[in-house]
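Please read the structure below before turning to the comments.
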Amino acid sequence: MEVTRIKCPKCQAQLDVKNKLNVAQKVIKCPSCGAQIMVRFKQQAPPQDDGHTIYGGSVRQPQQPHSAMALGGFLVLGGVRYALNIGRNTIGRKPEDTNAPAKATVALPTNGDKTMSRLHAVIETMKMPDGSIRAIISNGENKNPTFVAGVLLNGADKLILKNGAEIRMGGVTMRYEIPV
């Protein structure tokens with residue numbers, strides 16, 4: 001289990017953060033001041049590539065099996081599953097230039113449809129005490145609409161995603177799935 005030492009940017013408290021679920025990143029709450037802090041971990045065992053799941057915008061070669069508990073779910077678009085990590089996931093349009101870096105942690109192909117922003121939405125996933133996964137979606141840094149089950153997300157709205165929820169970002173429609 002990896003342990004990362006960080007400093008709270010708000011109160012400067014030194015914190016040791018454990019990576020029990022072997023995730024790439026997670027959001028924690030500073031016990032001193034209550035600030036939410038994104039923690040990125042260095043060591044993460046690559047998940048198994050099942051041929052239909054894309055992790056962080058690129059397919060990884062199989063090395064060792066992944067634990068479904070380290071996953072916060074999937075976005076399914078065109079029959080391809082895009083993995084969401086436990087923690088904060090930014091969702092957006094994949095750059096047309098294959099050499100350009102993606103701005104989003106989950107960059108989706110849009111076939112030239114620019115109504116999905118490069119940082120369109122945020123999906124925060126967390127493992128609950130009972131072992132279930134909770135995913136909360138909010139609008140990202142964009143002017144284009146995000147709809148969940150036909151409901152428009154405005155400004156600071158946050159919505160809990162249910163298994164099978166249909167999400168539309170601009171002209172792109174996908175489905176959220178909970179890992180099994």
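What's counted below: heavy atoms across the whole structure, side chains too, no hydrogens, waters or symmetry copies. Predicted model only: the values in this text are computed from it and were never measured.
Taking every heavy atom of both residues into account, Thr125 and Asn85 meet most closely at OG1-O, 2.6 Å. Closest heavy-atom contact between Cys30 and Ile37: CB-CD1, 4.0 Å.
Note that OH of Tyr176 is 7.5 Å distant from CD1 of Ile123, once rounded to the nearest 0.5 Å. For the atom pair His120 NE2 and Arg93 CZ, the distance stands at 10.5 Å (nearest 0.5 Å). In this structure, the separation between SG on Cys8 and CG on Leu15 is 6.5 Å, given to the nearest 0.5 Å. Of the inter-residue distances, the one linking Leu161 atom CG with Ile167 atom CD1 reads 4.5 Å to the nearest 0.5 angstrom. Expressed to the nearest 0.5 Å, how far CD1 of Ile91 lies from OG1 of Thr105 amounts to 5.5 Å.
Each of Asn154, Asn139, Leu153, Leu152 was checked for a side-chain contact (heavy atoms from CB on, under 4.5 Å) with Pro145, and the lone residue meeting it is Leu152.
Contact annotation: the side chain of Asn144 never approaches that of Met116 to less than 4.5 Å [non-hydrogen atoms, C-beta and beyond].
Legend: salt bridge (Lys or Arg N to Asp or Glu O under 4.0 Å) pairs involving residues 149-176, not counting sequence neighbours, sorted by first then second residue: Arg175-Glu177. Within the structure, the salt bridge (Lys or Arg N to Asp or Glu O under 4.0 Å) test picks out no pair touching residues 99-108 (sequence neighbours left out).
Taking the side-chain hydrogen bond (donor to acceptor under 3.5 Å, both in side chains) definition, one finds that Thr115 meets it with Asp113, sequence neighbours left out.
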